[in-house]
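The next block holds one structure in the form of structure tokens; read it before the comments.
All heavy atoms count here, side chains included; hydrogens, waters and symmetry mates do not. Note that the numbering runs from 1 along the sequence shown for the chain. Indexing begins at 1, ligand by ligand and atom by atom, following the structure's order. Since we're looking at a predicted model, the values are computed, not measured.
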Amino acid sequence: MTITRSVILGCGGFLPGKILTNYDLAKMVDTSDAWIEERTGIKVRHIARDGETTSDLAYEAALKAIANSGIKATDIDLVIVATTTPDETFPSTATKIQARLNMLKGAAFDIQAVCSGFIYGLSVADNMIRGGSAKTVLLIGAETMSRILDWTDRGTCVLFGDGAGAVVIQGTESEGAPSDRGILNTKIFSDGRLHDLLYTDGGVSSTRTTGFLRMQGREVFKHAVTNIAAAIQASAEQAGLTVPDIDWFVPHQANQRILDGTARKLSIRPERVVSTVSQHGNTSAASVPLALSVAVEDGRIKRGDLVLMEAMGGGFTWGAALVRW
Ligand code: UT7
């Protein structure tokens with residue numbers, strides 16, 4: 001009997017041209033290149049220029065993903081944008097992308113799960129494809145986190161960057177074996193009680209402003225490795241695979257110490273971990289598809305490889321996805 005598998009046909013990433021170094025930040029707040037690099041692994045991050053919006057970054061990433069997939073934009077019947085920093089309060093950033101791609105069919109909507117948005121998006125896309133309500137999905141993680149940072153708060157402003165990454169996912173008939181291409185499973189979780197550890201101090205219906213990102217970094221750090229490792233174990237177990245089967249680990253790029261800690265806890269060899277945190281910083285929902293694009297483009301991730309993605313962010317939200325590339 002055959003089943004429908006959601007196959008990632010291709011991917012692409014886009015970073016805005018302006019680069020902000022740790023040295024630049026040291027002129028703005030009481031910090032240093034040494035502190036930032038030692039505590040986070042970050043060296044530089046990209047920042048959208050004035051007037052450059054999340055949909056601009058998303059559109060560029062989408063064009064690359066569409067070209068890399070060998071499909072036409074008109075083949076797409078669902079656009080999902082995972083973002084915390086939409087161009088406007090409404091309509092969704094996804095509908096703006098739909099219009100720019102001249103798509104006249106299907107549906108488009110945004111997902112809000114902060115840094116876990118791309119993993120949540122993979123879960124929604126996979127379930128909609130397997131349920132028969134979409135055939136070809138453009139999923140984008142895109143952020144201009146620079147717009148919601150308090151540039152006087154050294155505890156947060158050194159961590160984040162702007163960017164976008166996209167994938168095209170298509171339903172394909174499959175025997176359903178773990179060796180067959182496609183998304184093997186996704187696991188998503190949340191715990192709303194942890195709101196106060198990572199949030200914005202404003203919003204449309206509370207303050208009529210966007211607010212600024214606020215974070216209790218040390219507390220977030222404590223939850224990160226445990227939550228991420230549990231999601232990965234759940235995903236691997238359901239797929240009937242073990243962590244050593246994983247060829248590439250593509251984690252959310254929050255902090256090199258979190259990446260190292262998770263890899264150590266799960267006995268994933270460091271050379272199997274795709275890390276872009278030093279060059280991108282934390283780009284929230286864009287970080288996983290951006291890292292994925294880098295590793296596909298440089299030839300590390302190849303057809304048939306088992307790829308594990310994970311993320312954790314505000315909410316708290318977290319999750320993992322296992323994909324046979
Ligand atoms: O994607 C969403 C999920 N977010 C995350 O995963 C972030 C998780 N948290 C982290 O990555 C880390 O907790 C941080 C990088 C945010 C902070 O690193 P830390 O090792 O946990 O440092 P800390 O917050 O415990 O602060 C240590 C010291 C403090 O000074 P005192 O109290 O010891 O005198 C801070 O005030 O470092 C100080 N500090 C800084 N110093 C220089 C905090 N930020 C800075 C800074 N430059 N930028």
Side-chain angles (χ1 to χ4, degrees), residues 20-45 82-85 111-120 141-146 148-163 165 188-192 194-200 212-232 250-263 265 273 275-278 280-291 309-320:
L20 189 69
T21 69
N22 292 348
Y23 296 99
D24 296 328
L25 282 160
K27 291 178 201 146
M28 297 158 61
V29 287
D30 181 15
T31 190
S32 65
D33 172 60
W35 190 95
I36 302 171
E37 198 172 345
E38 189 192 314
R39 301 289 180 120
T40 72
I42 301 168
K43 292 182 176 147
V44 300
R45 69 287 290 141
T83 188
T84 299
T85 47
I111 283 187
Q112 163 58 290
V114 206
C115 297
S116 313
F118 183 76
I119 303 295
Y120 268 59
E143 301 280 16
T144 45
M145 294 302 281
S146 59
I148 56 165
L149 294 176
D150 173 353
W151 290 99
T152 65
D153 175 13
R154 69 176 183 173
T156 54
C157 76
V158 304
L159 303 174
F160 294 88
D162 300 338
I188 55 172
F189 307 93
S190 63
D191 184 347
L194 300 171
H195 167 278
D196 292 356
L197 302 189
L198 184 51
Y199 64 99
T200 55
F212 291 116
L213 183 147
R214 302 293 173 204
M215 179 168 74
Q216 295 180 39
R218 205 177 306 178
E219 292 306 311
V220 175
F221 196 110
K222 278 188 209 159
H223 287 274
V225 175
T226 315
N227 286 346
I228 292 165
I232 291 169
V250 186
H252 172 48
Q253 309 285 321
N255 184 325
Q256 187 62 44
R257 284 157 58 215
I258 298 177
L259 270 63
D260 294 343
T262 310
K265 194 173 167 83
V273 181
S275 174
T276 53
V277 69
S278 70
H280 299 176
N282 181 348
T283 57
S284 185
S287 93
V288 171
L290 265 171
M309 300 174 235
E310 56 81 356
M312 193 196 103
F316 276 4
T317 56
W318 66 98

Specify the protein heavy atom at minimum distance from [atom]: its residue, its atom name, and the distance to 0.1 Å.
atom	answer
atom 27 (C) of ligand 1	Arg39 NH1, 3.6 Å
atom 35 (C) of ligand 1	Arg154 NH2, 3.9 Å
atom 1 (O) of ligand 1	Asn282 ND2, 2.7 Å
atom 33 (O) of ligand 1	Arg218 NH2, 4.9 Å
atom 6 (O) of ligand 1	Ile258 CD1, 3.3 Å

Legend entry - Within-shell test, Leu198 vs ligand 1, heavy atom, strictly < 4.0 Å: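 Yes; Leu198 lies near enough to ligand 1 that a heavy-atom distance drops under 4.0 Å.
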
Legend entry - Leu159 heavy atom under 4.0 Å from ligand 1: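 Contact present.
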
Short list, please: which atoms of ligand 1 are under 4.0 Å from a heavy atom of [X]?
X	value
Asn255	10 (C), 11 (O), 12 (C), 15 (C)
Thr40	15 (C)
Cys115	1 (O), 2 (C)
Gly155	44 (N)
Arg257	18 (O), 20 (O)

Inset, instruction - From the options Asp153, Thr156, Val114, Thr84, select the one residue that forms a side-chain contact (heavy atoms from CB on, under 4.5 Å) with Leu213. - result: Thr156

Legend entry - Polar side chain donor-acceptor pair, Gln256 to Ser278, under 3.5 angstrom: no

Legend entry - Flag for Glu143-Thr283: side-chain donor and acceptor within less than 3.5 Å: no

Legend entry - Ala254, portion touching ligand 1 at heavy-atom distance under 4.0 Å: side chain

Do [X] and [Y] come close enough that some side-chain heavy atom pair is under 4.5 Å?
X	Y	result
Ile119	Trp318	no
Met145	Asp162	yes
Leu159	Met215	yes
Val158	Asn22	no
Trp151	Ser146	yes
Thr262	Pro251	no

Any protein heavy atom lying closer than 4.0 Å to [atom]?
atom	answer
atom 10 (C) of ligand 1	yes
atom 31 (P) of ligand 1	no
atom 4 (N) of ligand 1	yes
atom 19 (P) of ligand 1	yes

Selection from [options] by shortest heavy-atom distance to [atom]:
atom	options	answer
atom 46 (C) of ligand 1	Val220, Thr31, Asp33	Thr31
atom 13 (O) of ligand 1	Ala311, Gly217, Ala285	Gly217
atom 40 (C) of ligand 1	Trp318, Trp35, Phe160	Trp35

Legend entry - Parallel, tilted or perpendicular: ring planes of Phe316 versus His223, cut at 30 and 60 degrees: perpendicular

Legend entry - Donor-acceptor contact below 3.5 Å, side chain Ser116 vs main chain Gly313: yes

Inset, instruction - List the atom of Arg45, the atom of His280, and the distance in Å for their closest heavy-atom pair. - result: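 Distance-wise, the nearest heavy atoms are CB-O, 3.6 Å.
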
